[in-house]
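Here's the structure we're looking at; comments come further down.
Order of appearance sets the numbers: ligands from 1, and atoms from 1 within every ligand.
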Amino acid sequence: MSEQPTSFFGIDLGTTYSVISYIDEYGKPAVIRNASTGKETLASVVYFESAGNVVVGEQAKNLAVVYPDKVVARVKRSMGQESNWEFDGVTYTPESISALVLKRLAEDAAEETGRPVRDVVITVPAYFGMLEREATKQAGTIAGLNVIGIVPEPVAAAMQYDVAATDAERVILVYDLGGGTFDTTVIRVSADRIDVLCTDGDQELGGVDWDDRLVGHLVDEFVAQTSVEEDPNDDREFMQELREKAEDVKRQLSSVSARSVPLRFGGKQATVEVTRDMFETMTGDLLDRTLGYTDRTLEKLAAKVATDDPAGLIDEVLLVGGSSRMPAVRTALEKKFPGWKPRLHDPDLAVAKGAARYALSSAIWDWAATDGDSPDARERQDRVAAIAQAANLDPDKLAAFARKEITTVLPKAFGVRLVDTDTPGWQDDIEGHSYIQHLVHADQTLPSRQDLTAGTVVPDQREVKVQIYEQAGGEESRELSANKAVDHGSGLITGLPAGLPASSPIEVQMTVSREGLLRVEANEPRSGRDLIIEVQVSVLSDEEVRSAAATVSAITVRS
Ligand code: AMP
């Protein structure tokens, strides 16, 4: 128990804004304000000032107007992808840029709490797959943090929302429209559990898309009114400023019904009038897309719990993410699903606060375990007492809100490619005899474990290649064509003893952890030897993570 963390931090690493929260001395989640702006949210924008110096937050956002080439924003949309940026001779990945945001948050938290920030829980959209989850975890490691949990944002929001609730079992639909991503997730909450039942969403749909529509409209109107010769779209500085203005106007249109926007460009000026109605019309298709995902989530729910009326199963609808403040969201959901009464619940901060609760809870439940065993009541009580003492908290209070066990799901099926060697003639057409053995199905409760017996193909084979596949479309199928190889999702099982005949069995055990991360173990049953595994679903290797961590630790991150 001596290694239990004494502080519990939760981080909402958002596309547009990030938030850090911790469990305060009263056992409640509190949000840490940014030291320079005093705000509870930190803009997830990084300005590369010079070698060894970066600025994160509001100021970086402002500097983007003047130095658009030295600023990176919306990096969350690139998580798990192979993108690179270069500044002052240093190459940055999405993971290392996210690490700079995390580093700033952690430093703010350390200053305010007077405690070092080490063990953290970071949230991800429920719609993130394995690769994006691993990338998020690596971002934490690069920032010098120990990521004790990766938790889906809607779970964190539900956890925060649920604290004061009754013990009665409820089914909650979380509609989470943030700055850059959208998820809809169904969660069942009861006295001692929170289970994610199903999830759907889009990594490329969020508040910024509403901003972009408004920007397009303002430019078109300005050009029509002024007949300006130069194309405003070609002026990066003007466009950056306009984007900021548009976001501001969009937020205001959530409470007022019209706004005039004065614009000046190319020696001309004009005032463009925008009403909420106009804004809702020009973004109606974006909202419809979120409703389409909501429908699909309900269809998945219907299949999972065998009901004809999935919408009728929903007891509560929780709106989270800053963009769910747009009045059209609530109106559309009420119209489409009569009987639903969507509630807006602390949309900007609930996720980070829930993550801090999750951090505390995970210390009790030890969610890193992948064997599916939960601690028994006695063990839990001992842990609660020890953690309460280490964190200087009242054990009863701690037990009251940390008693729930949580399970989650992945949005898509994952598997490995195998060859059907039972059918004669397979050697002549390996491709045609290949299929995907799924390790985990979409919306299947995690953790999950699959034991596979792979076989060697040729005599004296010394290694076996493992390639991870992900379901490509909406339907799960074993056909190769219905799955796509996960980039950076392959590796080798090596160390097979010499002289094995063809078709020697290799026992492979694959687990997908509660967090949706893959672990592989293998052995050769005749020799009893554990084999060496290099299967890792991530863009960055461990070595690259270590090297990025060294780079980031040498950078001063101001806000
Ligand atoms: P999040 O990722 O949850 O921090 O969401 C931030 C997003 O919410 C940004 O796109 C903001 O522009 C948007 N947002 C915040 N407040 C409002 C509001 N009052 N009306 C509309 N959008 C908002």
Return a table of donor-acceptor pairs under 3.5 angstrom between the side chains of residues 313-334 and protein atoms on other chains or two or more places apart.
| residue | atom | partner | partner atom | Å |
| --- | --- | --- | --- | --- |
| Asp315 | OD2 | Val171 | N | 2.8 |
| Glu316 | OE1 | Tyr161 | OH | 2.3 |
| Glu316 | OE2 | Arg170 | NH1 | 2.7 |
| Ser323 | OG | Gly178 | O | 2.8 |
| Ser324 | OG | Val320 | O | 3.1 |
| Ser324 | OG | Gly321 | O | 2.7 |
| Arg325 | NH1 | Asp348 | OD1 | 3.4 |
| Arg325 | NH1 | Asp348 | OD2 | 2.9 |
| Arg325 | NH2 | Asp348 | OD2 | 2.7 |
| Arg330 | NH1 | Pro342 | O | 3.4 |
| Thr331 | OG1 | Pro327 | O | 2.9 |

remark   = The protein residues that pass the under-4.0 Å heavy-atom test against ligand 1 are Thr16, Tyr17, Gly178, Gly179, Gly207, Glu247, Lys250, Arg251, Ser254, Gly321, Gly322, Ser323, Arg325, Met326
Residues 71-81, side-chain donor-acceptor partners within the protein, below 3.5 Å, at least two apart:
| residue | atom | partner | partner atom | Å |
| --- | --- | --- | --- | --- |
| Lys76 | NZ | Leu13 | O | 3.0 |
| Lys76 | NZ | Glu153 | OE2 | 2.8 |
| Arg77 | NE | Gly180 | O | 3.2 |
| Arg77 | NH2 | Gly180 | O | 3.1 |
| Arg77 | NH2 | Asp209 | OD2 | 2.9 |
| Gln81 | NE2 | Arg77 | O | 3.3 |

query = Charged N to carboxylate O below 4.0 Å: is that the case for Arg243 and Glu247?
reply = no
task = Just do the side chain to side chain donor-acceptor pair (under 3.5 Å) check on Ser36 and Asn34 with the steps written out, would you?
result = CA-CA 6 Å; Ser36 46; Asn34 176 243; 3.2 Å; yes
Can you give each donor-acceptor pair under 3.5 Å made by side-chain atoms of residues 120-135, sequence neighbours left out, with the distance rounded to 0.1 Å?
| residue | atom | partner | partner atom | Å |
| --- | --- | --- | --- | --- |
| Thr123 | OG1 | Ile11 | O | 3.4 |
| Glu132 | OE1 | Gly129 | N | 2.9 |
| Arg133 | NE | Phe128 | O | 2.9 |
| Arg133 | NH1 | Glu515 | O | 3.2 |
| Arg133 | NH2 | Ala126 | O | 3.1 |
| Arg133 | NH2 | Phe128 | O | 3.1 |

remark   = Of Asp346, Asp24, Asp12, the one forming a salt bridge (Lys or Arg N to Asp or Glu O under 4.0 Å) with Lys353 is Asp346
